[in-house]
2 protein chains.
Amino acid sequence: MKRDSDGRERRSELAPTISQVAKVCGVSRATVSRAFTRPEMLSEGTVRRVKAVADKLGYVPNQVARALSTGRHGNVGLIVSDVANPFFPPLIRAAQLHADRAGLCVFLGNSDEDPVREELLLGRFIGQVEGLVLASSRLDEAQIRIYAARRPLVLINRDIEGITRVLIDTAPGVAAAIAHLAELGHRHIAYVSGPTTSWSNQQRRNAVRKEAAKRGLKVIAIPARPPSYDTGRLAAAPIVASGVTAAIAFDDLVAQGLLAGLAALDVDVPKSFSVVGCDDVLGETTYPQLTTVSARCADAGDVAVGLLLSQMHGGASSEIRHKLNSHLVVRASTGPAPAKRKSR
Amino acid sequence: MKRDSDGRERRSELAPTISQVAKVCGVSRATVSRAFTRPEMLSEGTVRRVKAVADKLGYVPNQVARALSTGRHGNVGLIVSDVANPFFPPLIRAAQLHADRAGLCVFLGNSDEDPVREELLLGRFIGQVEGLVLASSRLDEAQIRIYAARRPLVLINRDIEGITRVLIDTAPGVAAAIAHLAELGHRHIAYVSGPTTSWSNQQRRNAVRKEAAKRGLKVIAIPARPPSYDTGRLAAAPIVASGVTAAIAFDDLVAQGLLAGLAALDVDVPKSFSVVGCDDVLGETTYPQLTTVSARCADAGDVAVGLLLSQMHGGASSEIRHKLNSHLVVRASTGPAPAKRKSR
DNA sequence: GCTTGACATGCAACCGATTGCATTACATCC
DNA sequence: GGATGTAATGCAATCGGTTGCATGTCAAGC
């Protein structure tokens with residue numbers, strides 16, 4: 001094995017190994033190893049001496065070798081369905097931060113909404129991670145179970161019995177949004193729906209229906225698929241044509257598109273039409289600023305990694321179904337129902 | 001070593017190893033290994049037999065063990081300064097995609113603009129990656145050189161001699177933007193500047209100055225630091241007060257904030273004020289839609305990984321300084337200079 | 001003074017692969 | 001028929017750590 005030419009340590013010196021440190025110190029390799037992993041087994045003096053030498057030599061334990069013998073590599077995998085969707089970056093950031101604090105490195109995978117790609121990534125990760133977080137997985141349940149049997153695994157926004165999962169429960173926020181619209185006098189509203197197979201979409205749709213029924217509002221559903229700025233924009237026309245006075249969208253991106261579509265149709269928001277988003281990932285950056293359901297996506301990432309850690313360490317993998325609640329954030333895209341808009 | 005309780009294969013069966021396959025096949029471990037890594041060394045029949053058995057047993061080569069003996073683990077590290085900044089997700093996505101196609105896994109690190117965190121991440125990654133991409137690194141040059149000496153390393157938007165780097169050259173696009181504004185009759189404009197230490201900011205500022213001088217425009221600089229939606233919004237007041245009729249912002253986020261700030265001051269864009277962004281990461285989602293300099297950030301991620309790969313394989317690490325060009329995208333936030341706006 | 005035990009350290013096997021070198025079996029050539 | 005070459009495979013060392021068990025040392029206890 002000619003280490004110098006195979007890409008490992010391309011230039012200059014090889015990284016020092018435990019053997020070199022041992023030789024310089026005049027102790028065995030085992031002692032050096034223990035100085036790092038179980039210093040309480042060694043005399044204080046020895047630990048100090050070893051660490052001093054290690055420092056001077058620039059020795060750092062080789063993670064790969066360590067992983068081979070312990071089966072613990074300190075890596076976790078995070079797979080999301082679309083890095084570019086503004087919902088994910090905060091989630092990724094939070095997950096990352098939590099993992100960092102635990103001394104873990106994170107592999108990031110981007111499935112691009114494609115189950116085949118997702119499985120490919122999973123296959124590559126599984127061998128070198130101690131745990132996995134799947135956010136908005138597109139895999140079918142059977143697949144997920146297979147991987148969950150091999151490694152601690154936490155799902156985000158996917159509700160599979162027996163597997164630890166964190167669910168962003170937007171129902172309360174959505175209900176509050178409907179209440180808000182009802183109080184503003186809207187009687188007839190639209191739900192701009194997302195992917196039919198999405199857990200979040202089902203949940204939101206149901207919440208809208210239920211609360212609207214309770215308050216005697218009429219709801220129609222207009223699809224925006226796949227959910228994006230563009231499909232949101234295109235939904236503006238049918239929505240206006242339907243005669244509703246307000247709309248609540250599957251997510252902020254769709255809501256933002258809808259705002260653009262409405263502006264293009266010269267519909268004034270919020271004076272003659274109200275729009276509510278979901279997720280609160282665009283902050284105050286839309287115009288007008290979006291009233292939306294805050295979904296705490298960052299927390300989801302944080303909590304998921306937390307659960308993963310306890311599953312990895314405690315091992316007590318009692319099933320956990322963690323719900324994150326939500327609330328309505330009122331900004332400038334909602335207002336009183338227009339006085340004389342006729343219902344078609 | 002009690003493998004069953006240490007988190008490696010927590011439930012059910014251990015993953016089969018090369019030895020088991022060898023035994024079942026009645027061949028040596030070396031042969032099994034070669035069936036996967038160098039099938040041309042073996043007779044066709046043997047390869048087939050081994051693979052069949054491996055399949056049946058569900059054997060998958062252990063990446064970690066392989067990495068230990070070859071020094072090749074098939075991982076690369078990508079560190080960005082802020083996952084949540086819309087500039088990065090497309091870059092990450094593209095980098096990811098390219099790495100994927102090459103069969104590599106990517107570690108993602110988020111430095112949160114903090115050099116200390118960045119170095120910590122680097123320290124954790126270095127032992128288990130074959131190459132690194134640093135996007136908008138905040139590390140000082142000496143540090144970067146140290147890591148670059150240990151592993152193939154590619155920088156994005158950081159210009160250090162001797163280290164392969166990809167630079168998004170926004171100068172042409174910025175120049176085009178200035179030309180565009182000049183043609184629209186603007187004579188007095190503002191540059192809303194970003195971090196002084198940022199390579200991108202220096203480059204953009206210089207491009208603005210140079211082109212403006214050429215066309216006889218007057219430029220003032222107004223800071224927005226750190227660059228964000230909020231600082232952009234706050235910059236609106238001093239900008240309006242200064243009497244300029246157009247502004248070009250360090251990035252899209254600042255521009256978007258500026259739009260909001262102008263709206264709040266009842267300044268109509270583009271009728272009485274023109275705004276140009278930079279990066280083109282918000283697409284058409286601002287209101288009004290933003291005229292901006294397209295920075296091809298996705299390409300940067302793609303190219304960086306490409307260069308990294310060739311550095312990893314070819315080994316011929318002749319220094320490369322790859323420039324990505326840019327162009328102006330005219331949308332709705334720029335218009336003719338207002339007729340009678342007085343210069344203070 | 002001898003046993004006992006706690007503590008510090010070393011020995012050597014092991015994790016699961018890869019790979020240089022040796023070995024074996026044949027076919028080819030003279 | 002013996003020398004030679006080649007293709008297929010095995011042996012065993014190695015990568016850089018970790019860890020069960022053995023060993024050695026020294027002080028306390030009887």
Side-chain angles (χ1 to χ4, degrees), chain A residues 1-9 13-50 54 57-74 126-128 130, chain B residues 1-9 13-50 54 57-74 126-128 130:
Chain A
M1 180 177 333
K2 32 196 169 95
R3 265 298 160 82
D4 248 336
S5 69
D6 70 357
R8 208 229 170 79
E9 285 284 342
E13 13 55 83
L14 288 278
T17 75
I18 207 173
S19 300
Q20 296 174 35
V21 177
K23 185 147 59 162
V24 174
C25 270
V27 299
S28 74
R29 304 189 307 145
T31 300
V32 177
S33 170
R34 290 197 262 255
F36 285 90
T37 53
R38 291 150 62 171
E40 74 283 0
M41 279 186 68
L42 266 38
S43 77
E44 211 182 309
T46 309
V47 172
R48 225 187 356 252
R49 243 175 40 242
V50 171
L57 263 51
Y59 168 77
V60 181
N62 178 326
Q63 279 302 325
V64 174
R66 179 176 284 181
L68 180 57
S69 69
T70 61
R72 206 184 319 278
H73 13 45
I126 193 87
Q128 36 189 349
E130 284 180 65
Chain B
M1 181 176 333
K2 31 193 167 97
R3 265 297 161 83
D4 248 338
S5 69
D6 71 356
R8 205 224 174 80
E9 284 283 342
E13 13 54 83
L14 288 277
T17 73
I18 207 172
S19 300
Q20 298 174 34
V21 177
K23 186 148 60 162
V24 174
C25 270
V27 299
S28 74
R29 306 188 308 145
T31 300
V32 177
S33 171
R34 289 196 263 254
F36 285 89
T37 53
R38 290 149 63 170
E40 74 283 359
M41 278 186 69
L42 266 37
S43 78
E44 212 181 309
T46 308
V47 172
R48 224 186 356 252
R49 242 174 42 240
V50 171
L57 265 52
Y59 166 78
V60 182
N62 178 325
Q63 278 302 324
V64 174
R66 178 175 285 181
L68 179 58
S69 71
T70 60
R72 206 183 319 277
H73 12 46
I126 192 88
Q128 35 189 348
E130 285 179 64

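Residue numbering restarts at 1 for every chain, and letters A, B, ... go by the order of the sequence lines.
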Rounding to an integer number of Å, can you tell me how far [X] [atom1] sits from [N] [atom2]?
X	N	atom1	atom2	value
B:L68	D:dA13	CG	P	17 Å
A:N62	C:dC15	CG	P	18 Å
A:H73	C:dC15	NE2	P	16 Å
B:R66	C:dA17	CZ	C1'	8 Å
B:Q63	C:dG16	CD	C1'	12 Å

*Scan A:T46 against the nucleic acid and name what it touches under 4.0 Å (heavy atoms): base, sugar-phosphate only, or nothing.*
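A:T46: backbone/sugar contact only, no base atoms under 4.0 Å.
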
*Indicate, with a heavy-atom threshold strictly under 4.0 Å, whether B:T17 touches base, sugar-phosphate, or nothing.*
sugar-phosphate

For a quick test of reading the model: is some side-chain N or O of [X] closer than 4.0 Å to OP1 or OP2 of [N]?
X	N	answer
B:S33	C:dT18	yes
B:S43	D:dT9	yes
B:T31	D:dG10	yes

_Nucleic acid contacts - residues 20-29 of chain B versus DNA chain C, non-hydrogen atoms under 4.0 Å_ = B:R29

*Is there a residue in residues 35-42 of chain A whose heavy atoms reach under 4.0 Å of DNA chain C, and which residues are they?*
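Close to the strand are A:M41, A:L42.
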
*Would you mind reading off the bend of the helix from C:dG1-D:dC30 to C:dC30-D:dG1 from its two end axes, five pairs each, to 10 degrees?*
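End-to-end axis angle for the helix from C:dG1-D:dC30 to C:dC30-D:dG1: 60°, rounded to 10°.
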
Over all heavy atoms of both residues, which pair between [X] and [Y] is shortest? Give the atoms and the distance, please.
X	Y	value
A:T17	A:Y59	C-CE1, 3.6 Å
B:L42	B:A35	CD2-N, 3.6 Å
A:A67	B:V64	CB-CG1, 3.8 Å
B:L68	A:L68	CD2-CD2, 3.2 Å

*Can you run down the salt bridge (Lys or Arg N to Asp or Glu O under 4.0 Å) pairs that involve residues 26-43 of chain A, sequence neighbours left out, and say none if there aren't any?*
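The answer is none; no pair qualifies.
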
*Which residues pass the side-chain hydrogen bond (donor to acceptor under 3.5 Å, both in side chains) test with B:S28, sequence neighbours left out?*
B:T31

*Given D:dC11, D:dT18, C:dA17, which nucleotide is nearest the side-chain atoms of B:I18?*
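So the nucleotide nearest the side chain must be C:dA17.
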
*asked:* The side chain of B:R34 is closest to which nucleotide in this list: D:dT18, C:dT18, D:dG10?
replied: D:dG10

*Most 5' of B:A65 and A:V32 on DNA chain D, judged by nearest nucleotide*: B:A65

Below 3.5 Å is the cut-off: list the nitrogen or oxygen pairs between protein and nucleotides 25-27 of chain D, distance only.
none

*With sequence neighbours excluded, what pairs up with B:S43 under the side-chain contact (heavy atoms from CB on, under 4.5 Å) test?*
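With neighbours one apart ignored, the set is B:T46.
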
_side-chain contact (heavy atoms from CB on, under 4.5 Å) partners for A:Q63, two or more places apart_ = A:R66, B:Q128

